[in-house]
S.K.: 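Structure incoming, see below.
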Amino acid sequence: MVRPSTQPGQTGDRQPVFEVAPQEDLLYSLTADGHRRYIHPRLARGRYWRLRRAIAVLLIALFFVLPLIPVGGQPAVFLDLAARQFHVLGAVFHPTDNLLLLAFGAGVIITVFFVGAVLGRLWCGFACPQNVYLEFVFRPIEVALEGERAAQRRLDAAPWSLNKAWRKGAKWSLWTIIALAMAATFVAYFTSWPMLLQALLGDPFGHQGLLLVILGVTALILFDQGWFRDQMCTVACPYGRLQSVLADQDTLIPAYDARRGEPRGRAREGQDPTSFGDCLDCQSCVSACPTGVDIRRGLQLECVGSSQCMDACNAVMAREGLAPGLIRYTSERELAGEPRRFWRPRLFIYLVLMALAWGSLAAMIVLRGEARVEIVRGGREPFRVLPNGEVANQQRLRLTNQLAATQSFTVEILAPEGARLVVPVSPIPVDPAAVRTVNIVTEVPAGAFVNGRVTGVYLVRSDAGFEDRSEFPLLGPYGER
């Protein structure tokens, strides 16, 4: 609600431009007048934090190590866009593996639905790269140089001095070094480390594109981890909004047990201790939350499931000699005093769809065979009538060698009768784990076409024992046999 600072012609103290909005009407990252409020959480080192740390160490190590580990002569994960090949743990995938991509995409989407319905936002708190790097890389550096929550606030509010300058400068310098390492590793997934090092150490200015990508990714990381931070989760990321659709009364969520905790407060001298709940209203859960959420107000979109509120509350309960779990992972149904139902109809549907998607992906990978053959139409015209009366169809023959050795392919046409095949080279050599496309022309007698169509049958063989029989519709003039 806006109110005038002073009335015309009046004197006296100036009134605030904005009334302070009720706490429940504000985003945690905003002040009442709309300014950014930086959150400096107090770290609670409990059992959930230790679990998150172990997962974070594993994920960070995988990110940096996967482009370095050789598998089958290539990095364990190498997304070679220049050669249009994806190397994943020794397997090579090509742009023509569209069915594999479809199965993989469907599997990921359905798995997200299943995990969101069962475990809520555990992904955000325990495995999301945003929180993994913020809570276990960037924020620890900040705490080491600037101190804990109160010290950081004092330093931010203090005027610039030599002490403030060197602490801020050292922090941002270390952040920049880490961000550069992360950005270079990210680029190495697409170029490989040998090629990247050769380019940057040999002729860096001759590879300005790589430099710009690394510097751009570095800037984005610094912007996100150094400034945007919790707003990435509460404002920009769509997963929190999606979670409100996926969750139901049986979804696992961080929750405050109001029946046990209310009314809040600590009994003072002369007061009956039994008239208060277990919640001491100490604000430990709020000060520990990386997004500033007060979990006692119920589950909110800003909650990322970091479990810091639980670790902080359990520490307070232990000091007070009270049972842990005032804030815990539970479900809305359990909070209401009913047993939680794990198996729900939609979970069965998700599991069936997941089994189909991931099972199809696994089957297609296992049964890929030695090669794959694709015939597509080529040229600018559907067919051409040759001077000798025959009809020519131009096609592109795409051969994918899925072995680690070179294969040589031959192709012949089996039907229709009288058809001839023009191939620029035979046999057709294809390098290991490579794709080769050649233009072929099929010449068919005009009398073979019925209503402008006839089916061509092609036989493709390789010297490795591969054999494929493919059909392709050939086009021609309308006419009768």
S.K.: Look at the rings of Tyr38 and Trp227 and say which category their plane angle falls in: under 30° parallel, 30 to 60° tilted, over 60° perpendicular.
M.R.: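 Taking Trp227 first and then Tyr38, their aromatic rings stand perpendicular (interplane angle over 60°).
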
S.K.: Can you confirm whether more than 12 heavy atoms, excluding those of Phe104, are under 6.0 Å from its CZ atom?
M.R.: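 No - once you tally the heavy atoms of other residues, nucleotides and ligands closer than 6.0 Å, there are 12 at most.
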
S.K.: Can a donor-acceptor pair be found between the side chains of Asn401 and Gln407 at a distance below 3.5 Å?
M.R.: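 The answer is yes; a qualifying pair exists.
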
S.K.: Less than 3.5 Å apart, any donor N or O on the side chain of Thr274 or Asp272 sitting next to an acceptor on the other?
M.R.: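 There is such a pair between these side chains.
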
S.K.: Please step through salt bridge (Lys or Arg N to Asp or Glu O under 4.0 Å) for the pair Arg259 and Asp278, ending with a clear verdict.
M.R.: CA-CA 9 Å; Arg259 293 188 301 173; Asp278 284 354; over 6 Å; no

S.K.: Distance-only criterion, 3.5 Å: show the donor-acceptor pairs between side-chain atoms of residues 108-121 and protein atoms not counting sequence neighbours.
M.R.:
| unit_1 | atom_1 | unit_2 | atom_2 | d |
| --- | --- | --- | --- | --- |
| Thr111 | OG1 | Gly107 | O | 2.6 |
| Thr111 | OG1 | Trp358 | NE1 | 2.9 |
| Arg121 | NH1 | Leu301 | O | 2.6 |
| Arg121 | NH1 | Cys303 | O | 2.9 |

S.K.: Rounded to the nearest 0.5 Å, what separates atom CD1 in Ile327 from atom CG in Asp257?
M.R.: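 Reported to 0.5 Å precision, the distance equals 10.0 Å.
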
S.K.: Between CD of Gln225 and CD1 of Ile141, what distance do you get to the nearest 0.5 Å?
M.R.: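 Between Gln225 CD and Ile141 CD1, I get 10.5 Å after rounding to 0.5 Å.
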
S.K.: So how far is it from Leu101 CG to Phe86 CZ, rounded to the nearest 0.5 Å?
M.R.: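 Those atoms lie 8.5 Å apart.
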
S.K.: Roughly how far, to the nearest 0.5 Å, is the CZ atom of Arg42 from the OG atom of Ser287?
M.R.: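 It comes to 4.0 Å.
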
S.K.: Could you tell me whether the side chains of Glu334 and Tyr329 share a donor-acceptor contact shorter than 3.5 Å?
M.R.: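 There is no such pair between these side chains.
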
S.K.: Go through Asp311 and Arg45 one step at a time and tell me if the salt bridge (Lys or Arg N to Asp or Glu O under 4.0 Å) criterion holds.
M.R.: CA-CA 7 Å; Asp311 284 334; Arg45 294 179 173 87; over 6 Å; no

